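Counting from 1, the numbers follow the sequence of the chain as shown. Only a predicted model underlies this, so the values are computations on that prediction, with no experimental measurement involved.
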Amino acid sequence: MSTLFRHFRVHQVFGANTNVGKTILTTALVRASAQRGKNVYYLKPVSTGPLEDADDYHVNRHTADYKKSVHAECLFRYDEPVSPHLAVKMKADLEGQDVILPPSDGTFLDSVANRIRTYAKSSLNPTHMYLETAGGVHSPALSGTSQADCYRPLFLPTVLIGDSKLGGISSTISSYESLLLRGYIIDAIVLFRDDYYQNAEYLKPYFAERGVFVHTVNAPPERLSDLAANFTSTDKYYATITALDTEHGVGPVVDHLDVCHSKRLDELESMPKRAHDSIWWPFAQHGLMKGEKDVTVIDSAYSDFFSITNKSASSPTESILEPQFDGSASWWTQTLGHAHPSLTLAAAKASGRYGHVMFPQSVHLPALKLAERLVKGGPGKGWASRAFISDNGSTGMEVALKMALRAFTSRQQTEIKEDEKKQLGILGLKGSYHGDTIGAMDACEEGVYTCEWHNAKGYWFDPPTVGIKNGEVFITVPATLSSFPISHDVRADSLANVYDVENRINSSLARAYAMYITRALEALEKRGGPKLAALVLEPLLMGAGGMIFVDPLFQRVLIDTVRGRRSGSSTSWSGLPVIFDEVFVGLHRIGMESTGPLLGVYPDISVNAKVLTGGLLPLAVTLASNSIFEAFLSDSKADALLHGHSYTAHPIGCEVANETLAILDKVTKSDEWVAAQQSWAKPDGTASPVWSLWDPHFIIAISKLPQVKEVMTLGCVLSIKIKDDASGYTSHSAQTLFQSLTRASQEDGTLSTAPGGAAFGMHFRTLGDVAYFMTSLNTSSTVIRSIEDKIWQTLNE
């Protein structure tokens, strides 16, 4: 990940094209830095072509007067003067080998990052470093990946060498925008003066409007055929453009890059206090904060990692930035990791084509494709007929509640008075959470997330839960079922058996659940409780309530009971309309696209968000069966679903969602997923209905530790409940126990796998006595094993 040192300024040099003078201008920057008394490192990660033409050799030859302070190096060298990805193949052909595998992007970046760290530690004096890429911005790296994407995890400030020749205006702007779309900090654009094409005369005002520094440098002399004469001529040119008083030399560029470096350091240093003085954070008790030191500054993010300020950095040779694993998947949103280029480009595509457009009685292609994908081939397949697109999970749930309540009152119109409609309640489970808007809060019982205006409307069952204790799987039955002949902890043979709902549906436990639910509902009616109009569930896993893994059999029996035993697809709802809140669990977060197939029942309404757009921006979709949709059909506008947002079905969100779903189709068939599923297979080798990206042996091992009360996992989610007498959301036990995970240490003995090979800490969230850890859907098994090592070591300290 990104590194940043106080005394060690690093800039990466990209070219707008080949033959734009990238090496000449980088050599000049090296020489000018040395002339200012700096130690200077030049790194050419990949070189192709004859040794005598190598860029690092050129730098060394033309900085000979500064050889004590200049060091030039190349990491990967190939003989053929072609694109790096092709040079690897040609080397295999020349050596008579079938194939020579290039280093992976990870290995390549580790090599570059290690060099940067080594250089930074080698001197306490002010030092400059220039890293020169090959070819243009999108020239392939050794693996074939575009350089713009390959180098992005390092997040180095950038100098773009513009193109001064015919067509150079377009290639320079295009290269700038390619880097900008990937989040690069572009500190300067430098190009040669050319009195004929005068590209700089156009580019300077163009980029000035965008706050980008553009500088022109006198062009080099023509190359001479006599090598000695050419060297003398070139060296004289370098002496001229690096002189301190040369208007069109590189001196102003070096000075500007120093200023940019200092400004970035100052900004990062000032951000905690500025934020502490002006921001009201969600889910944070400001009264417990000890000032600016409790503020985490996130400088950038890539893949599964933040790049944050290192508060303990004291030595000038220590980076003030360090990687931190995003252990909550940024509040459960991250699907494919941060800054995924395909999602960024999808957003840019829709932004450029539409911006935002009105949606009622209109359609645009991104929204149509998304609706069809979710209804016909996604979580709505077989039961849903319509998709209502809104702007986040909470509002998606409010839409669902409106749908369900209208459907119920339409069917009950002869039995329910107008004033009774305002008092309708919902049926749900204790620990539910459906969002922070008032209507979504009213669908939950009183709790820590509710507010003064909250009016809990409904009845909530205390659900049986699933967990792994001391290496064994248990269903924990609440005390409210104590009148039935059921022990508090029901031991299960395996997780696979617990989630094999169809084989459990006729069990004695299922019958006990049904009797308990029926009696409770009958008692509620007798004592004049609220009239229930819908069943609202977070299927299988209730997240914000404390990562509560509900016994799927209980939810299945509850659905069957309120529907009058109807199972399978919803063609016409019965009893009560059933809503699945799949904002958290849906779209493969817990290893399945939707929970309906596992439960053996489908909802009448469901809501998806979070994973839907890959964590890039908010969007939600509420799916509904045709019978729900028909409850709003009439000749009166007043009977329509009068709910909407200014940004309903915004094209950018829809386009990003379509791209996310397309990538997920590949991720869910990947070797990593197949291997994880196989590791959770039943003893006879057959597939388990549930599985996890977390290792089963690790899960069993930590469940046996003395301070751990219970462990559970599905898909990307790992939940660890700590033994604590003061359990619940307000407990600090989990936060205290795992606090050391936030530190990045090379001494912890664990494998370090952040991009760039640096040791990393972990960002994580807790829910009282529960610590949860979450990955993206494409987090590598290597990273997950590393996190498991860190958790194991922390629990054993």
Side-chain angles (χ1 to χ4, degrees), residues 379 463-476 489-507 509-510 538-543 547-557 567 580 582 584-602 611 664-665 667-704 710-720 772-781 784-785 788:
T465 60
V466 182
I468 301 172
K469 306 176 184 181
N470 197 28
E472 295 185 317
V473 180
F474 285 93
I475 298 167
T476 299
D489 282 336
V490 179
R491 185 181 176 280
D493 293 335
S494 66
L495 277 183
N497 287 345
V498 170
Y499 288 90
D500 190 351
V501 177
E502 291 301 327
N503 279 338
R504 296 179 62 205
I505 197 65
N506 294 315
S507 65
L509 186 58
E538 292 172 82
L540 304 189
L541 173 57
M542 299 193 294
M547 292 298 161
I548 302 169
F549 291 79
V550 182
D551 181 3
L553 179 64
F554 184 83
Q555 292 190 320
R556 167 62 183 273
V557 171
S567 299
F580 279 8
E582 295 195 323
F584 174 33
V585 302
L587 300 173
H588 304 286
R589 175 64 73 191
I590 59 172
M592 60 197 77
E593 184 176 51
S594 178
T595 55
L598 186 143
L599 288 169
V601 291
Y602 292 85
V611 165
L664 284 183
D665 286 341
V667 170
T668 55
K669 298 178 181 66
S670 66
D671 292 343
E672 294 263 13
W673 271 52
V674 171
Q677 289 166 339
Q678 290 174 345
S679 72
W680 285 86
K682 297 177 183 178
D684 62 3
T686 57
S688 169
V690 290
W691 60 284
S692 174
L693 290 171
W694 301 88
D695 183 78
H697 302 292
F698 165 74
I699 299 298
I700 295 300
I702 60 173
S703 76
K704 296 178 180 179
E710 184 175 287
V711 181
M712 190 55 190
T713 182
L714 286 178
C716 303
V717 183
L718 167 64
S719 172
I720 304 173
Y772 67 87
F773 303 92
M774 205 171 303
T775 70
S776 298
L777 275 68
N778 61 342
T779 303
S780 72
S781 58
I784 297 174
R785 298 296 86 78
E788 289 170 350

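Panel note: side chain Thr465, backbone Val550; no donor-acceptor pair is recorded below 3.5 Å. Between the Glu582 side chain and the Ser594 main chain, no donor and acceptor come within less than 3.5 Å of each other. A donor-acceptor contact shorter than 3.5 Å links the side chain of Ser703 to the backbone of Gly471. For Glu672 (side chain) and Ser781 (main-chain N/O), a donor-acceptor pair under 3.5 Å exists by modelled atom type. Remark: the backbone N or O of Gly591 is paired with a side-chain donor or acceptor of Trp691 at under 3.5 angstrom. Put simply, the side chain of Lys704 never gets that close to the backbone of Ile700: no donor and acceptor are under 3.5 Å apart. No donor-acceptor pair closer than 3.5 Å links the side chain of Thr686 to the backbone N or O of Lys682.
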Practice item. Determine, stepwise, if the pair Asp493 / Arg491 fulfils side-chain contact (heavy atoms from CB on, under 4.5 Å). Key: CA-CA 7 Å; Asp493 293 335; Arg491 185 181 176 280; 4.0 Å; yes
**Study point:** Stepwise side-chain contact (heavy atoms from CB on, under 4.5 Å) test for Thr775 and Trp694
**Key:** CA-CA 9 Å; Thr775 70; Trp694 301 88; 3.7 Å; yes
Check your understanding: Checking side-chain contact (heavy atoms from CB on, under 4.5 Å) for the pair Asn497/Asn503: CA distance, chi angles, key distance, verdict?
Key -> CA-CA 8 Å; Asn497 287 345; Asn503 279 338; over 6 Å; no
Exercise for review: Check step by step if side-chain contact (heavy atoms from CB on, under 4.5 Å) holds for Thr713 and Ile699.
Suggested key: CA-CA 8 Å; Thr713 182; Ile699 299 298; 3.9 Å; yes
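A distance of 4.0 Å separates CZ of Arg556 from CD1 of Ile505, quoted to the nearest 0.5 Å. Rounding to the nearest 0.5 Å places CG of Leu664 at 7.0 Å from CG of Leu587. Rounding to the nearest 0.5 Å gives a distance of 4.0 Å between CZ of Arg504 and CG of Asp551. Considering OG1 of Thr595 and CG of Leu540, their distance stands at 5.0 Å, rounded to 0.5 Å. Rounded to the nearest 0.5 angstrom, Leu714 CG and Tyr499 OH are separated by 4.5 Å. Ser670 contributes atom OG, which lies 12.0 Å from atom CG of Asp665 (distance to the nearest 0.5 angstrom).
Closest heavy-atom contact between Asp500 and Pro689: N-CG, 4.2 Å. Contact record, Pro539 with Leu599: CB-CD1, 4.2 Å, taken as the closest heavy-atom pair. Closest of all the heavy-atom pairs between Ala676 and Ser679 is O-OG, 2.6 Å. When all heavy atoms are compared, the tightest approach of Arg785 to Asp695 is NH2-N, 3.4 Å. Here the closest heavy-atom approach between residue Met547 and residue Ser719 is recorded as CB-OG, 3.5 Å. In this structure, Cys716 and Ser776 approach most closely via the heavy-atom pair SG-O, 3.8 Å.
Annotation: side chain of Thr668 is not in contact with side chain of Glu593 (no heavy-atom distance under 4.5 Å). Ile475 has its side chain out of reach of Leu553: every pair of non-hydrogen atoms, C-beta onward, lies at least 4.5 Å apart. Looking at heavy atoms from C-beta onward, Leu777 lies in side-chain contact with Arg589 at the 4.5 angstrom threshold. Counting heavy atoms from C-beta on, the side chains of Trp673 and Leu693 come closer than 4.5 Å. With a 4.5 Å cut-off on side-chain heavy atoms, Leu495 and Met712 count as touching. Here the side chains of Leu718 and Ser692 are not in contact, with every heavy-atom distance at 4.5 Å or above. Within the 4.5 Å cutoff, the side chain of Phe549 has no heavy atoms near those of the Glu710 side chain.
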